[in-house]
Amino acid sequence: MKGVRHFPGFLAITLVCLIVLYAPLLVVTVYSFNGSTSITQWGGFSWRWYIDVFTGPEAPRFGLAARNSLTIAVLAATAATIIATAASLAMVRGGKFRGRNASFALINLPLMVPEIVTAVAMLIFFTMIGIKTGYGTILIAHIAFCIPFAYLPIAARLQGIEPFYEEAARDLYASRARAFAHVLLPLMAPGVISGWLLAFIISLDDFIITNFVKGAGMETLPTAIFGSVKQGIKPNIMAISTLMLLASASLVTLSWLINRKGQRSP
Amino acid sequence: MANAIEIIEVIKRFGATTALESLSLSISDNEFFTLLGPSGCGKTTLLRMIAGFEAVSAGEIRLFGQNIANLPPDRRPVNTVFQHYALFPHMSVLDNVGFGLKMKGVDLAKRRARAGQMLEIVHLSAFADRLPAQLSGGQQQRVALARALAPEPRVLLLDEPLSALDLKLRQTMRFELKQLQKDTGITFIFVTHDQEEALTMSDRIAVMSAGRLQQVGTAREIYEAPNNRFVADFIGETNILQVEAQPISQDLTRVTLPGGSTLDLPAPPTASGQHSLSIRPERLSLDPQGSLTARLEHVVYLGTDLHLMARLADGSPLVIRMQNSARTALPNEGEEIRISIEEGAARLLAD
Amino acid sequence: MAGAGPSGKSGKDAAWAPLALPLMLPTWAVIGFFLLLPVLLMVVYSFLTKEFRGGVIWEFSLAAYDQFFISRGLFGDEPASIEWTYIGIFWRSLWQAAVATGLCLLIGFPTAWFIATRPPASRSIWLFLVTIPYWVNLLIRTVSLKFLIRDNGPLNEFLMGIGLTSGPLPLVNTNLAVQLGLFYSYLPFMVLPIYAAVERYNFALSEAAADLYASRWRTLREITLPVVKPGIIAGCLLVFIPSLGAFLAPDLLGGAKTFMIGSLIDEQFKGSQGNWPFGAAISVILMSLVLLSLLFYARAQRSQK
């Protein structure tokens with residue numbers, strides 16, 4: 001039975017694939033603990049670059065950038081999740097309403113337009129209508145491109161919830177709003193949480209669009225790192241990278257676990 | 001007796017297709033009423049319109065005289081037992097049963113007491129703190145029943161509630177449901193495609209097909225006096241013979257059976273010309289003096305019963321059911337047999 | 001592209017129908033106003049006249065497209081001929097994106113196949129392992145790759161250490177580095193749709209072919225590949241489109257010789273050297289290429305049905 005599924009060498013290629021994906025990340029993680037100031041020489045295990053990240057000369061700059069990144073990510077992910085939840089109710093439970101196909105295309109638009117084009121279009125737009133680029137424009141841009149990422153797990157979850165739960169709640173004297181709050185939303189929760197987490201990571205990750213609409217003097221973590229690596233890779237960048245890597249990986253793991261748990265219960 | 005539900009010329013369309021065609025029906029208070037029909041006949045749509053999940057395209061639905069056709073489901077004093085129970089998976093059994101009361105604004109102590117009482121009725125008091133997923137199918141089914149009955153609805157709607165259970169459990173639940181209906185005095189409207197379920201539990205049955213009511217009556221009326229071919233065919237097994245009908249008096253019609261013998265039946269004088277005649281297999285018997293002649297093709301052994309598969313002179317098949325007993329002397333396959341029809345067993349059908 | 005929309009046909013899926021429009025309103029407001037409208041404005045903008053030192057004058061002009069396609073010599077006094085500089089950059093970008101897509105397919109297909117044929121329990125773990133790196137910041141991944149493959153970086157030290165090469169391989173600033181970077185950036189995009197297609201594939205078809213004397217590779221080619229083709233096309237598109245407009249990989253891993261569309265656009269919006277209408281025009285041309293790929297995809301999907 002295994003015959004038609006098995007091809008010689010596919011396991012080897014899969015392992016190559018994983019090595020390619022993980023090798024750079026592992027190497028940077030290892031070198032972030034390098035005690036030497038040179039990035040080439042191994043100078044023994046040390047926490048010095050992690051201490052440098054929080055207390056070194058660049059700490060205030062990166063600290064501010066990190067704060068901007070985090071607050072923008074939290075706000076953008078929250079707004080995008082609320083908008084995406086509303087949209088998924090309309091798309092999944094709204095029947096055939098007018099403009100449904102156009103709405104679906106619109107939700108997916110941020111995934112279809114190349115990032116650099118989105119960046120250019122938004123910069124031109126903000127300049128044209130005279131909004132000063134800065135924190136606010138970054139936030140708006142992030143909300144817009146986070147919507148499809150929040151939408152995907154939420155809509156997928158909602159599609160998996162049978163309509164009869166909500167009907168049962170309505171039948172038992174719950175108004176539409178209370179049926180949503182007491183029954184539908186708790187059932188949707190795994191999708192909503194993973195949607196929020198994905199939107200959060202996507203916002204935290206973005207460089208290209210942020211770089212265009214951030215305006216002068218405003219930095220998020222990726223733009224600050226980019227500015228720094230333009231002058232060459234320094235050990236403290238590797239420490240910051242490792243921290244961000246850890247943050248992303250744990251958030252994705254969390255989202256994955258929540259979704260898996262959600263899939264087991266109906 | 002007051003009518004619990006009155007359905008008045010209700011029409012339901014989904015886009016271009018018509019699911020229900022101008023249907024009218026009255027269901028009395030305290031009745032166990034069953035909507036019976038094959039899947040897609042409109043029975044579930046009708047139930048969902050009474051519950052308020054589907055809007056009517058035209059017509060009225062009255063609950064004890066009040067038109068509820070335009071009320072949302074949360075403002076109709078009717079509750080539903082769903083086919084797949086629809087128990088809220090994130091709430092305990094007790095919270096599930098108390099949900100309706102909570103939404104009606106009953107305070108915590110009262111609704112706990114009432115929910116506990118309902119669980120007692122369905123013998124599940126020990127399971128109050130469990131989640132639905134930790135219960136068996138039969139237990140979930142009883143929670144669904146308790147949940148729907150807890151707010152004391154005026155009418156209880158049941159959408160094929162037994163279809164997900166295994167045969168044994170289904171048979172016990174039939175009895176329990178009927179008992180519960182008697183005890184509570186609440187009108188039950190029960191949807192099923194299973195004729196046995198319908199026949200054993202219902203006070204009255206409405207047979208539906210293709211979005212229309214075919215016949216409404218007691219189990220006995222529907223089985224013994226089907227008024228059209230669909231009902232005769234759908235309920236139980238039957239033989240349908242093509243006969244020539246001719247009215248001979250005000251309420252007597254003479255039909256000519258295949259093979260030439262005749263039979264006089266009580267039937268309205270409108271019946272004349274080619275007609276279908278329904279005869280249940282258990283009301284036919286082997287009889288050397290019988291009026292029908294057929295050729296025996298096949299004997300099917302069913303344990304308690306035997307089915308004799310025969311063919312009439314005009315080529316139409318005929319099934320005779322007889323009890324199996326050691327003394328039964330059977331003719332051989334291929335032999336000619338004579339069959340008699342029990343008095344009053346043949347029924348002329350409107351097509 | 002993000003999963004087909006639910007069909008929403010039966011009455012049961014229409015419980016929220018009365019509120020569908022208000023529920024869609026925020027999406028329309030945010031994406032419609034801050035993304036769709038800007039993209040349309042960008043198209044208009046590409047036809048405006050450039051003002052000295054950034055900015056534009058609201059006068060119709062084909063100057064941006066003229067600059068892209070037509071050459072009139074260094075001082076603008078020679079007869080018009082085709083300008084090859086930008087077309088060359090586009091051509092290189094298309095080539096780089098195509099190579100990266102090919103690499104992804106070469107590695108991604110066997111990987112997706114292997115994962116999809118695991119027992120269901122371990123399947124999700126393999127899949128998870130492949131997707132984690134995607135969620136790590138692209139900038140950090142690109143920087144990490146650069147760190148790994150630089151002249152005196154760990155990869156070269158390793159290769160020299162085991163005696164495979166005598167001196168460091170000059171990888172950074174080459175086309176290969178950019179291709180590797182793009183491959184590394186978007187590999188999970190190739191694996192996921194192919195995985196989904198193979199997982200849905202009914203292996204009884206392969207067994208039937210094997211039963212009828214087809215060899216394993218022949219079965220793969222003649223039975224399986226045609227069935228999972230939509231997944232492969234989707235994967236290729238999901239890698240090709242972002243590769244075409246990529247900025248970080250060519251900017252960090254490449255040099256002057258590997259200049260791609262992303263950097264070209266970026267340049268038009270930096271400092272007083274910038275030329276916004278020209279940048280907008282390049283973006284419009286890039287977007288047209290992407291739309292063409294999407295149309296191709298839609299047609300391929302339709303012909304499949």
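Each chain gets a letter, A, B and so on, in the order its sequence line appears, and its residues count up from 1.
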Looking at [options], which makes the most heavy-atom pairs under 4.5 Å with chain A?
options: C/Leu220, C/Leu40, C/Thr219; answer: C/Leu220
options: C/Leu148, C/Asn137, C/Leu35; answer: C/Asn137
options: C/Leu129, C/Leu286, C/Leu145; answer: C/Leu129
options: C/Val39, C/Ile261, C/Val191, C/Val143; answer: C/Val143
options: C/Ala112, C/Gly108, C/Pro242, C/Ser124; answer: C/Ser124
options: C/Tyr134, C/Tyr201, C/Phe128; answer: C/Phe128

Please report the closest heavy-atom contact between [X] and [Y], naming both atoms and the distance.
X: C/Leu187; Y: A/Cys17; value: CD2-SG, 3.4 Å
X: C/Ile132; Y: A/Ala249; value: CG2-CB, 4.2 Å
X: C/Val290; Y: A/Met112; value: CG1-O, 3.6 Å
X: C/Gly32; Y: A/Leu106; value: N-CD2, 4.0 Å
X: A/Ala90; Y: C/Ala20; value: CB-O, 3.5 Å
X: A/Met122; Y: C/Pro38; value: N-CB, 4.2 Å

Just how far is it from atom [atom1] of [X] to atom [atom2] of [Y], taken to the nearest 0.5 Å?
X: A/Arg100; Y: C/Leu21; atom1: CZ; atom2: CG; value: 12.0 Å
X: C/Ile31; Y: A/Asn108; atom1: CD1; atom2: CG; value: 8.5 Å
X: C/Ser144; Y: A/Ile237; atom1: OG; atom2: CD1; value: 11.0 Å
X: A/Leu11; Y: C/Arg118; atom1: CG; atom2: CZ; value: 7.0 Å

Can you tell me which portion of [X] sits under 4.5 Å from chain A's heavy atoms? Options are side chain, backbone, both or neither.
X: C/Glu157; result: side chain
X: C/Leu252; result: side chain
X: C/Pro22; result: neither
X: C/Phe269; result: side chain
X: C/Thr27; result: both
X: C/Thr142; result: neither
X: C/Ile107; result: both

I'd like to know which of [options] tops the heavy-atom pair count under 4.5 Å against chain C.
options: A/Leu204, A/Val16, A/Val113, A/Leu198; answer: A/Leu198
options: A/Ile208, A/Leu18, A/Ile143; answer: A/Leu18
options: A/Ser103, A/Ser248, A/Ala144; answer: A/Ser103
options: A/Ile107, A/Leu109, A/Thr85; answer: A/Leu109
options: A/Ala141, A/Ala155, A/Ala102; answer: A/Ala102
options: A/Ile124, A/Ile82, A/Ile147, A/Asn101; answer: A/Ile124

Verify the ring-centre separation between C/Trp16 and A/Phe180: is it less than 6.0 angstrom? yes
Assess the pair C/Phe33 and A/Phe125: is the distance between their ring centroids shorter than 6.0 Å?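 Yes, ring centres under 6.0 Å apart.
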Plane angle bin for A/Phe226 and C/Phe247 - parallel if under 30°, tilted between 30 and 60°, otherwise perpendicular: tilted
Does [X] reach the side chain of [Y], with side-chain heavy atoms less than 4.5 Å apart?
X: A/Pro114; Y: C/Leu244; result: no
X: C/Phe147; Y: A/Pro24; result: no
X: A/Ile225; Y: C/Leu139; result: yes
X: C/Thr117; Y: A/Phe10; result: no
X: A/Phe7; Y: C/Phe114; result: no
X: C/Leu19; Y: A/Leu89; result: no
X: C/Thr111; Y: A/Ile13; result: yes
X: C/Asp266; Y: A/Phe212; result: yes

Counting only heavy atoms closer than 4.5 Å, note whether A/Val252 contacts chain C via side chain, backbone, both or neither. both
Looking at C/Tyr184 and A/Leu21, would you say the former's side chain and the latter's main chain have a donor-acceptor pair under 3.5 Å?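 Side chain of C/Tyr184 to backbone of A/Leu21: a pair is present.
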For C/Phe183, enumerate each residue passing the ring-ring contact (aromatic ring centres under 6.0 Å, His included) test, keeping only those at least two apart in sequence or located in another chain.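 Scan of C/Phe183 (ring-ring contact (aromatic ring centres under 6.0 Å, His included), adjacent residues dropped) gives none.
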Does atom OH of A/Tyr22 have more than 12 heavy-atom neighbours from other groups under 6.0 Å away? yes
Given C/Trp135, which of A/Asp205, A/Ile202, A/Leu245 fulfils the side-chain contact (heavy atoms from CB on, under 4.5 Å) condition?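 Going through A/Asp205, A/Ile202, A/Leu245 one by one, the side-chain contact (heavy atoms from CB on, under 4.5 Å) with C/Trp135 is satisfied by A/Ile202 alone.
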Which residue pairs pass the side chain to side chain donor-acceptor pair (under 3.5 Å) test with at least one member in residues 223-234 of chain A, sequence neighbours excluded? A/Glu219-A/Thr223, A/Lys230-C/Asp251
